[in-house]
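The structure appears right after this line, and notes come after that.
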Amino acid sequence: MTPSMNIQTALLSVSDKSGIVEFAQALAKRGVRLLSTGGTAKLLAQAGLKVTEVATHTGSPEILDGRVKTLHPKIHGGLLARRDSAEHMQTIEEHGIDRIDLLVVNLYPFRETVAKQACSFEDAVENIDIGGPAMLRAAAKNHGTEAGGVAVVIDPADYPRVLAEMDATGTTSYGLRLALATKVYAHTSAYDGAIAAYLSSLVDAEPAQAATPARSTWPNTLTLQVHQQQVLRYGENAQQLAAFYVDPTVPAGLLANFTQLQGKELSYNNIADADAAWDCVRSFDAPACVIVKHANPCGVATAESAVAAYRKAFQTDPTSAFGGIIAFNRKVDLAAAEAISTQFVEVLLAPAYDKAALALLAAKKNVRVLQVPMGDGQNDIDVKRVGGGWLVQTPDSQILNESDLRVVSRKQPTAQQMTDLLFAWKVAKFVKSNAIVFCANSMTLGVGAGQMSRIDSARIASIKAENAGLTLKGSAVASDAFFPFRDGLDVVVAAGATSVIQPGGSMRDDEVIAAADEQDIVMVLTGMRHFRH
């Protein structure tokens, strides 16, 4: 077997220049010849590095406003020649082509360009990289064998790995080159997918004629790319295989940013339920606690502290809280940890923990403790798999303010009722349809979820309150969708509710509003619903 070849020449041409000067300096110290183009070459030269412009290396000037500069046999021959092939090595020698052993390239910022509101068609097209993907694909194809090959880097985070292997052996291992090549093809696939999505979303029949062409919300071609975070033990049930994948970039505040501090490996259901709990708890400004069981909140409360919020949330449904998921939007201190430790909990989420709290929780080794930084980021889209296809929608992220409400009853809400109604409505958004939520004093009193009949959800919510020893007298009720008949309203009023918040929009709105007036309760309409299936 031909021995591994040391890295002699590197070509660097990057859009993301993070760390490139330091990396190039490290390469130069290790005796690597540097080739570069355009802005990257200028930056390296300004840093005092000896760098050869690609045009000088190839003997061909950049042409067509820079559209053609690296599309040349001296570049692609140097990347594609097989190191374990005597014929290939002889051919490039005969043609005066030097090996390029390391390629460092990342592409024009197409996604970032088209994300700008005023992006013109010309700007979008000019940010479609041609030479970069061609070099990346060539280098990745020729990542080689144990005998040698091309190392290709698209991510500045990988610079230290390359340098570490060079220091150890003078070259890169096949395992690293394979990993880097795999990363390249995922990157170029996503890049091409973004271009296809942009072009297929153009509404204007002749986009080149418009400075800023109109775009549809939904492209004809949608490419989704996610990365495997971990393989899970099984799915919802033991007979199902499962894995957890995350977006290439995760907006601040979303669950996938979690760090697991202790506990058993997360399961499929743990992650799904944790997401429901975290999404709900971070929607509150005041210190809040949310307890979730089977993707539904079974207790939600806000209070002056994390421990007080937990105690109120736990009161709603202590039975369902057993083995649940608990989320806080504030640091978990020792008092909160002591209160939690008295019950069986599967997963605990919070933005931070006191050292004393973590020390106490460490005694419960099986409890999965997650730390998730706060933030208001949202997923770009929500997707649901159906037979042979995908349903895609924007997230239900609209925020309801008091000014958005319309009071339709004769009786006007008091300030406390309005506070309770908005709290109940916020919780209802995270409860599976049909959803009925009783609340008072910033805590849930009874939750009815996922029933085929709204009346049944109302009855279940009142039964749960009764079982927990909570009174519904004077409570506020949220319904995630309109009451199609007055019977659902009659049930919640009979249970003790004196104010109701619902979307409205039923053919029988007048009948339902008349029933509210008949029973002398407050009714406000939101004009939006919160179906959650």
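- Distance check: D129 CG to L136 CG gives 8.0 Å after rounding to the nearest 0.5 Å.
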Would D404 and T526 count as a side-chain contact (heavy atoms from CB on, under 4.5 Å) here? Give the steps.
CA-CA 7 Å; D404 299 317; T526 65; over 6 Å; no
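- By the 30° and 60° cut-offs, the orientation of the rings of F258 relative to F244 is parallel.
- Side chain of D273 to backbone of A295: a donor-acceptor contact under 3.5 angstrom is found.
- Aromatic ring pairs are classed by plane angle as parallel below 30°, tilted from 30° to 60° and perpendicular above 60°; the pair Y198 and F121 is parallel.
- The heavy-atom pair separating W425 from I501 by the smallest distance is CB-CD1, 3.7 Å.
- Under the 3.5 Å distance criterion, the side-chain polar atoms of Y245 are left unmatched by any main-chain donor or acceptor of Q230.
- Counting heavy atoms from C-beta on, the side chains of V300 and F284 come closer than 4.5 Å.
- In terms of modelled atom types and a separation under 3.5 Å, the side chain of D333 and the main chain of A336 share a donor-acceptor contact.
- Judged by distance alone, with hydrogens and angles left aside, the side-chain atoms of K429 form a donor-acceptor pair with the main-chain N or O of D396 at under 3.5 Å.
- The nearest pair of heavy atoms linking G253 to V372 is O-CG1, 4.4 Å.
- Remark: aromatic rings of H533 and F531 are close, center separation under 6.0 Å.
- Taking 4.5 Å as the limit, every side-chain heavy atom of T9 sits out of range of all side-chain heavy atoms of V32.
- Between V104 and V14, some side-chain heavy-atom pair lies under the 4.5 Å cut-off.
- Side-chain contact between V437 and F423: absent, with no pair of heavy atoms (C-beta onward) separated by less than 4.5 Å.
- The backbone N or O of A55 lies less than 3.5 Å from no partner atom in the side chain of E53, so there is not a single donor-acceptor pair.
- Ion pair K432/D480 not flagged as a salt bridge, since none of the NZ, NE, NH1 or NH2 atoms sits closer than 4.0 Å to an Asp/Glu carboxylate oxygen.
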Trace of the side-chain contact (heavy atoms from CB on, under 4.5 Å) decision for Y353 with Q371
CA-CA 8 Å; Y353 299 85; Q371 183 168 320; 4.0 Å; yes
Kindly indicate, with the supporting measurements, whether the criterion side-chain contact (heavy atoms from CB on, under 4.5 Å) is fulfilled by R137 and V184.
CA-CA 7 Å; R137 291 175 63 83; V184 162; 5.6 Å; no
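- No hydrogens or angles considered: nothing links the side chains of N269 and S267 as a donor-acceptor pair under 3.5 Å.
- With contacts defined as side-chain heavy-atom distances shorter than 4.5 Å, the pair N127/P109 qualifies.
- With respect to the salt-bridge test (charged N to carboxylate O, under 4.0 angstrom), the residues R67 and E126 qualify.
- Within the 4.5 Å cutoff, the side chain of V369 has no heavy atoms near those of the L349 side chain.
- Remark: I97 CD1 to T91 OG1 distance equals 8.5 Å, nearest 0.5 Å.
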Residues S18, D16; criterion side chain to side chain donor-acceptor pair (under 3.5 Å); working and verdict:
CA-CA 6 Å; S18 305; D16 177 3; 2.7 Å; yes
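- When each of I326, I325, L370 is paired with L348, the side chain to side chain contact (heavy atoms under 4.5 Å, CB included) condition holds for I326 and for no other.
- With rounding to the nearest 0.5 angstrom, the CG atom of D84 is 8.5 Å from the CE atom of M89.
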Step by step, work out the ring-ring contact (aromatic ring centres under 6.0 Å, His included) result for H530 and F430.
CA-CA 8 Å; H530 279 317; F430 300 99; 7.9 Å; no
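- With sequence neighbours excluded, the residues forming a ring-ring contact (aromatic ring centres under 6.0 Å, His included) with F23 are Y159, listed by chain and number.
- Exactly one of Q8, R83, R33 qualifies for a side chain to side chain donor-acceptor pair (under 3.5 Å) with D101. That residue is R83.
- T172 has its side chain within reach of V162: a pair of non-hydrogen atoms, C-beta onward, lies under 4.5 Å apart.
- Exactly one residue among E346, Q262, E265 makes a side chain to side chain donor-acceptor pair (under 3.5 Å) with R368. That residue is E346.
- Within the 3.5 Å criterion, the main-chain N or O of G132 finds no donor-acceptor partner in the side chain of Y108.
- Here the options are L180, L176, L178, V152, the test is side chain to side chain contact (heavy atoms under 4.5 Å, CB included), and the partner is H143; only L178 passes.
- Annotation for P373 and N257: closest pair CD-O, 3.8 Å, computed over non-hydrogen atoms.
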Is there a side-chain contact (heavy atoms from CB on, under 4.5 Å) between I7 and E165? Walk through the geometry before answering.
CA-CA 11 Å; I7 294 177; E165 291 206 356; over 6 Å; no
K116 and D123: CA distance, side-chain angles, deciding distance, salt bridge (Lys or Arg N to Asp or Glu O under 4.0 Å) verdict
CA-CA 10 Å; K116 297 175 183 176; D123 285 343; over 6 Å; no
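- Counting only residues at least two apart or in different chains, salt bridge (charged side-chain N to carboxylate O under 4.0 Å, His left out) contacts with residues 182-198 comprise D155-K183, D158-K183.
- Panel note: side chain S200, backbone N220; a donor-acceptor pair is recorded below 3.5 Å.
- Residues in residues 374-397 take part in no ring pair (Phe, Tyr, Trp, His ring centres under 6.0 Å) pair, two or more places apart or across chains.
- At a cut-off of 3.5 Å, with distance as the only test, no side-chain donor of H57 or T52 sits close to an acceptor on the other residue.
- Checking side-chain atoms of R82 against main-chain N and O of G144 turns up no donor-acceptor pair under 3.5 Å.
- N142 places a side-chain N or O within donor-acceptor distance of the main-chain N or O of L79, the cut-off being under 3.5 Å.
- W278 places no side-chain N or O within 3.5 Å of a backbone atom of N329 that could act as its donor or acceptor partner.
- In this structure the side chain of L266 reaches within 4.5 angstrom of the side chain of V347, judged on heavy atoms.
- The two residues K74 and G96 make their nearest non-hydrogen contact at CE-O, 3.5 Å.
- To the nearest 0.5 Å, atoms NE2 (H72) and OG (S60) are separated by 3.5 Å.
- Taking the charged nitrogens against the carboxylate oxygens, K331 and D354 do have a contact shorter than 4.0 Å, which makes a salt bridge.
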